[in-house]
Protein chains: 6
Amino acid sequence: MATITPPKDPESDPRVKAVFDDIRATRGTDFINNVWRYLAFDPGLLEQTWAEVKAVMAAPTALEPKVKEMIYAAVSIANSCEYCTHSHLAAARAKGMTPAEQADFFRVVASAGKTNHLLNGLRIPVDDAFLMDKE
Amino acid sequence: MATITPPKDPESDPRVKAVFDDIRATRGTDFINNVWRYLAFDPGLLEQTWAEVKAVMAAPTALEPKVKEMIYAAVSIANSCEYCTHSHLAAARAKGMTPAEQADFFRVVASAGKTNHLLNGLRIPVDDAFLMDKE
Amino acid sequence: MATITPPKDPESDPRVKAVFDDIRATRGTDFINNVWRYLAFDPGLLEQTWAEVKAVMAAPTALEPKVKEMIYAAVSIANSCEYCTHSHLAAARAKGMTPAEQADFFRVVASAGKTNHLLNGLRIPVDDAFLMDKE
Amino acid sequence: MATITPPKDPESDPRVKAVFDDIRATRGTDFINNVWRYLAFDPGLLEQTWAEVKAVMAAPTALEPKVKEMIYAAVSIANSCEYCTHSHLAAARAKGMTPAEQADFFRVVASAGKTNHLLNGLRIPVDDAFLMDKE
Amino acid sequence: MATITPPKDPESDPRVKAVFDDIRATRGTDFINNVWRYLAFDPGLLEQTWAEVKAVMAAPTALEPKVKEMIYAAVSIANSCEYCTHSHLAAARAKGMTPAEQADFFRVVASAGKTNHLLNGLRIPVDDAFLMDKE
Amino acid sequence: MATITPPKDPESDPRVKAVFDDIRATRGTDFINNVWRYLAFDPGLLEQTWAEVKAVMAAPTALEPKVKEMIYAAVSIANSCEYCTHSHLAAARAKGMTPAEQADFFRVVASAGKTNHLLNGLRIPVDDAFLMDKE
């Protein structure tokens with residue numbers, strides 16, 4: 001399926017093992033999903049990607065974790081990223097998204113897709129009231 | 001700017017006036033933004049679009065209003081819909097999104113854009129653990 | 001606005017003049033819109049682009065001209081191409097698209113945008129009945 | 001494959017059965033494709049989605065059914081929605097799209113994709129003549 | 001998988017055979033990948049597509065072949081075209097892209113995806129200094 | 001134009017000044033383009049974004065700087081990011097992209113957009129020969 005070859009025994013590389021250990025500790029699970037196993041083909045890219053995802057998604061920030069995962073999944077759906085859609089909806093569920101919230105999420109994403117196409121077709125000028133950098 | 005011509009006096013049409021009145025009542029403001037003024041070119045399309053936006057975004061549902069606006073804005077950014085990005089970020093602010101939450105929102109959207117491109121390039125197989133319809 | 005500099009006097013180049021003459025003859029109008037004036041920065045790219053657009057859109061083919069322009073505009077809206085959205089909706093109008101058809105067009109494009117996002121989120125397996133290359 | 005779990009016996013829910021019965025009656029076939037079987041996970045979302053698709057695509061409107069399916073498929077291709085591309089091209093064929101028209105459709109969609117990228121790269125200003133809301 | 005049916009014995013059509021022979025000669029290999037086998041469903045579309053790909057990608061032009069394949073793959077990733085992502089990364093490797101260059105390519109594509117989303121969200125005005133057609 | 005308000009005197013914040021100084025030193029110019037002036041609304045986001053762009057685009061890596069800017073611009077065009085398209089084509093020119101190379105770049109990007117749409121429409125199975133992780 002992939003455009004790169006994942007290493008057969010990724011944790012034999014100590015840089016990869018350190019990242020996998022941190023993923024397991026941060027998430028409190030032994031499960032390492034495929035994106036990390038494949039990214040191990042380039043330990044530097046693995047380290048940077050995990051460091052960013054950890055800082056943005058796992059560290060406490062202004063938005064609650066469940067909400068951040070739903071925003072992440074919304075972008076992934078619009079970009080037709082199959083892997084990211086699956087992994088971030090799974091993460092949202094793990095972080096407390098209820099079935100009713102997931103159904104609501106799909107309604108919002110679908111309506112956004114609809115009006116995005118309507119507005120990209122109508123090409124209506126943006127209201128001055130929305131601009132935050134007007135003089 | 002637009003691909004259609006908005007009516008000069010939209011509220012002279014009673015169907016348009018009814019929608020505008022409902023927008024003002026629902027939002028508690030006299031401000032009618034451009035999307036509704038332009039959509040008045042087709043009263044049926046105006047009615048349907050407002051009915052859907054009202055039901056999904058203004059009615060109480062499982063997710064809180066601010067979060068729904070952020071999800072809507074996230075999709076709009078990924079679809080490069082300039083009008084929708086402006087209007088739904090303005091709506092999120094009106095519904096309580098703080099500056100810290102908006103900065104956090106941009107971080108999440110940016111990281112999603114990054115890993116969406118990484119995964120759409122690597123084409124890694126989806127983990128079985130993520131599939132909700134497996135037998 | 002642009003990333004390239006259009007020539008000040010494009011028709012002083014005989015290759016450009018030949019393309020512009022053919023555009024005027026094919027369309028039965030003296031109006032040369034900006035895309036051709038700017039593409040004149042590279043006469044080869046101008047020639048190839050016009051030859052393709054002429055063969056696909058101006059020559060008689062299985063679909064009627066108005067329908068082809070609407071399909072073209074639909075793709076352009078989904079790709080958020082502002083110039084193409086404007087130029088191909090204008091072309092559709094010039095080739096007979098009525099206001100009622102344009103409103104209908106926007107309804108279809110908007111609903112497609114909606115269900116595209118719903119399905120890209122739900123990731124439902126394609127029915128075998130739809131596959132044209134199954135054994 | 002999917003991010004939600006479809007009900008095992010969807011028609012045991014009377015709201016789902018009512019939608020499925022209407023799909024069968026509207027289309028004149030017993031075949032219920034996967035999108036409806038999966039959407040049955042949320043009867044409200046199923047009802048709303050079918051009501052919209054029926055009103056826009058199955059009811060008589062200004063554009064003929066075959067043309068609407070092709071416009072729908074064009075948007076779906078640009079959004080890389082695999083399911084929608086398959087289902088709406090199948091619907092277009094069922095509503096009379098000939099092989100020659102389908103080949104023509106692909107030519108138009110491909111050329112639109114080409115010039116969308118060219119114009120999104122060149123960033124050429126839109127001609128005043130195209131703007132429908134200029135003073 | 002596909003929306004069209006490829007011919008069972010494509011080279012029995014002399015127009016298809018001529019294209020396949022030219023692909024083999026141009027590339028110096030007997031391998032004909034699926035896109036050409038499937039496009040044989042419409043010999044005219046096959047001929048035009050191969051003629052364009054050959055002229056743009058196989059003929060000597062200003063950019064080196066490896067770089068052109070990476071640019072092609074970058075567009076394909078952003079458009080979530082699975083087939084094109086695979087085929088053009090394979091072509092880039094065949095034309096000399098090293099593993100270090102491929103890892104670098106993924107870093108650039110991922111960072112572009114990130115800042116594209118950041119800028120499509122922030123909607124910052126383009127600097128005058130970047131505009132090539134200003135008076 | 002923007003969804004955030006840039007600070008009036010960004011360099012009064014020492015964190016912002018440090019980033020601007022590093023941009024000037026890295027690029028050898030006093031010109032600070034708008035993206036950095038606006039990102040100063042959040043010094044942390046400014047620092048992280050510049051650190052990533054500097055590491056990926058300004059530091060010596062496997063690919064030459066000009067090529068990296070073209071790959072970056074290609075992604076930006078496909079994502080319809082107007083600011084990024086302008087800024088990275090300007091950067092490519094500053095790093096040595098010739099007019100002939102820029103014209104060639106547009107040809108490749110346009111052909112990629114074309115076949116991306118063709119293949120996303122045809123949904124042809126990926127050849128086994130392209131898969132790098134097959135057993």
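So you know, we letter chains A, B, ... as the sequences are listed, proteins then strands, and number each from 1.
Of the residues considered (A:Ala78, A:Ala103, A:Ala100, A:Pro6), A:Ala78 shows the highest number of contacts with chain B, using heavy-atom pairs under 4.5 Å. Ranked by non-hydrogen atom pairs under 4.5 Å with chain B, the options A:Thr3, A:Thr98, A:Val109 are led by A:Thr3. Contact count against chain B (heavy-atom pairs under 4.5 Å) is highest for A:Cys81 among A:Ser87, A:Ala2, A:Cys81. Of the residues considered (B:Gly113, B:Cys84, B:Ser111, B:Ala74), B:Ser111 shows the highest number of contacts with chain A, using heavy-atom pairs under 4.5 Å. The candidate from B:Val56, B:Thr85, B:Leu131 with the greatest count of non-hydrogen atom pairs under 4.5 Å with chain A is B:Val56.
One distance of note links NE2 of B:His86 with CE of A:Met132; it measures 10.5 Å at 0.5 Å rounding. The distance from the CZ atom of B:Phe105 to the CG atom of A:Leu63 is 9.0 Å, given to the nearest 0.5 Å. Considering OH of A:Tyr38 and CG of B:Leu119, their distance stands at 11.5 Å, rounded to 0.5 Å.
Counting heavy atoms from C-beta outward, B:Val75 and A:Ile77 have side chains that stay 4.5 Å or more apart. Between A:Leu122 and B:Phe41 there is a side-chain heavy-atom pair separated by less than 4.5 Å.
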Dump the intermediate steps for side-chain contact (heavy atoms from CB on, under 4.5 Å) on A:Leu45 and B:Leu118, then the final yes or no.
CA-CA 10 Å; A:Leu45 186 56; B:Leu118 195 54; 4.2 Å; yes

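Heavy atoms closer than 4.5 Å to chain B are found in the side chain of A:Val67, but not in its backbone. Heavy atoms of A:Met57 lying under 4.5 Å from chain B belong exclusively to its side chain. Using a 4.5 Å cut-off between heavy atoms, A:Arg93 contacts chain B through its side chain alone, with no backbone atom that close. No part of A:Ala55 comes within reach of chain B, as not one of its non-hydrogen atoms sits under 4.5 angstrom from that chain. B:Ala73 does not touch chain A: none of its heavy atoms, backbone or side chain, sits under 4.5 Å away. Proximity to chain B (any heavy atom under 4.5 Å) is restricted, for A:Thr49, to the side chain, taken from C-beta onward. The contact between A:Ser80 and chain B is made entirely by backbone atoms, counting heavy-atom distances below 4.5 Å.
Under the salt bridge (charged side-chain N to carboxylate O under 4.0 Å, His left out) criterion, the residue pairs touching residues 107-128 of chain A are A:Arg107-D:Asp42, A:Lys114-B:Glu52, A:Lys114-D:Glu52, with sequence neighbours excluded. Each salt bridge (charged side-chain N to carboxylate O under 4.0 Å, His left out) pair with one or both residues in residues 74-85 of chain B, not counting sequence neighbours, would appear here, but there are none.
No donor-acceptor pair closer than 3.5 Å links the side chain of A:Asn34 to the backbone N or O of B:Ile124. The closest donor-acceptor contact from the side chain of B:Asp104 to the backbone of A:Ala62 lies under 3.5 Å.
The minimum heavy-atom distance between A:Lys68 and B:Val108, with the atom names listed, is O-CG1, 3.5 Å. Among all heavy-atom pairs drawn from B:Tyr83 and A:Pro125, the shortest one is CE1-O, 3.3 Å.
If you check the side chains of A:Thr115 and B:Tyr72, you find a donor sitting under 3.5 Å from an acceptor.
Looking at A:Asn120, A:Asn116, A:Asn79 one by one, the single match for side-chain hydrogen bond (donor to acceptor under 3.5 Å, both in side chains) with B:Asn79 turns out to be A:Asn116.
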